[in-house]
2 protein chains.
Amino acid sequence: MDYTIQHLQKTSEMLKTLGHPERLCIVTRLARQGSFNVAALQDCMSLPQSTVSTHLQKLRAAGIVEARRQGLEVTYSLKNEQVKQIVELLFQSTEGKKHE
Amino acid sequence: MDYTIQHLQKTSEMLKTLGHPERLCIVTRLARQGSFNVAALQDCMSLPQSTVSTHLQKLRAAGIVEARRQGLEVTYSLKNEQVKQIVELLFQSTEGKKHE
DNA sequence: TCGCAATATTACGATATCGCGATATGAAAG
DNA sequence: CTTTCATATCGCGATATCGTAATATTGCGA
């Protein structure tokens with residue numbers, strides 16, 4: 001286990017970045033669909049382009065997603081497996097505890 | 001999988017709360033040690049009492065920890081298993097591709 | 001070259017979160 | 001009752017993050 005201050009800081013920054021409804025929504029979509037470009041994202045979320053782009057840059061700065069340019073479009077995808085695992089952990093529904 | 005807005009909001013609030021170095025540190029300690037009171041926490045972190053207490057209240061409000069009073073002291077512990085799993089995921093060291 | 005489409009960056013007021021001293025509360029003891 | 005210990009809450013200036021319009025950049029085709 002790695003409890004150094006550096007790792008703690010980097011990790012908390014990642015969590016803070018994930019801790020925003022719109023950004024978390026983006027990440028869950030990426031976890032499901034693999035990847036997409038910014039335009040597709042603007043469609044399903046009704047936010048102005050600059051807002052979406054800014055969120056993506058923050059996710060990128062935190063090491064959560066990565067960008068790949070193909071011509072005019074930029075495709076985003078999850079950068080590391082950890083985030084995917086966390087999302088799966090957080091969003092698996094009540095299966096396994098069938099009360100409620 | 002549960003991608004409702006409510007769950008997304010609650011989850012992102014939890015992640016935001018975890019996304020702070022001191023609070024994440026508290027949570028990793030709880031994951032390792034099980035529980036402790038506020039005084040013990042003030043010792044190992046060099047922060048004023050009010051700061052520590054405020055962090056604990058935020059963790060409590062986000063559903064991450066729970067408090068139990070025993071006389072004068074209050075003992076904190078992790079409230080749900082998910083958080084523990086996330087912490088384990090995040091802090092296993094860099095050669096962590098081995099089996100558990 | 002120019003112009004357009006897709007995306008990124010900048011700028012800035014609004015809002016939220018920060019740390020922490022001061023103060024309040026709650027429980028046990030006297 | 002009062003004191004004292006452990007913890008919680010309040011108040012507030014400092015700092016950070018918010019959303020988004022405006023502007024800049026990048027890549028492609030004409």
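A, B, ... follow the sequence lines: proteins, then strands. Residue 1 opens every chain.
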Nearest-angstrom distance from the residue atom [atom1] of [X] to [atom2] of [N]:
X       : N      : atom1 : atom2 : value
B/Gln57 : D/dG11 : CD    : P     : 16 Å
A/Leu56 : D/dG19 : CG    : P     : 13 Å
A/Arg68 : C/dA6  : CZ    : P     : 18 Å
A/Gln70 : D/dT26 : CD    : P     : 18 Å
B/Glu66 : D/dA8  : CD    : P     : 14 Å
B/Glu73 : C/dG26 : CD    : P     : 18 Å
A/Leu59 : D/dC18 : CG    : C1'   : 15 Å
B/Asn37 : D/dT7  : CG    : P     : 5 Å

According to a strict under-4.0 Å criterion, is [X] in side-chain N/O contact with OP1 or OP2 of [N]?
X       : N      : answer
A/Tyr76 : C/dA6  : no
B/His55 : C/dC18 : no
B/Thr51 : C/dG19 : no
A/Lys16 : D/dT17 : yes
B/Arg23 : C/dC18 : yes

**Prompt:** Cationic tip of A/Arg32 within the cone over B/Tyr3's six-membered ring, i.e. under 6.0 Å and within 45° of the normal?
**Reply:** yes
Side chain of [X]: nearest nucleotide among [options]?
X       : options               : value
B/Arg69 : C/dA27, C/dC20, C/dT9 : C/dA27
B/His20 : D/dA6, C/dG19, D/dG27 : C/dG19
B/Lys58 : C/dT17, C/dT7, D/dT7  : C/dT17
A/Ser53 : D/dT26, D/dA8, C/dT9  : C/dT9

**Asked** Got a second to check how far A/Lys79's NZ is from A/Met14's CE, nearest 0.5 Å?
**Response** 12.5 Å
**Heavy atoms from other residues, nucleotides or ligands near CZ of A/Arg68 exceed 12 (cutoff 6.0 Å)** = no
**Request:** Would you mind telling me which residue lines up with the more 5' stretch of DNA chain D, A/Gly71 or B/Arg60, judged by nearest nucleotide?
**Result:** B/Arg60
**Asked** Would you say B/Phe91 and A/His7 make side-chain contact, with heavy atoms under 4.5 Å?
**Response** yes
**Request:** Please confirm whether any donor atom in the side chain of B/Ser50 sits under 3.5 Å from an acceptor in the base of C/dG21, or the reverse.
**Result:** yes
**Message:** So, under a plain 3.5 Å distance rule, would you say the side chain of B/Gln49 forms a donor-acceptor pair with the base of D/dA6?
**Reply:** no
**Message:** Determine whether A/Val87 and A/Leu18 satisfy the following criterion, side chain to side chain contact (heavy atoms under 4.5 Å, CB included), listing intermediate values before the conclusion.
**Reply:** CA-CA 10 Å; A/Val87 168; A/Leu18 279 179; 5.7 Å; no
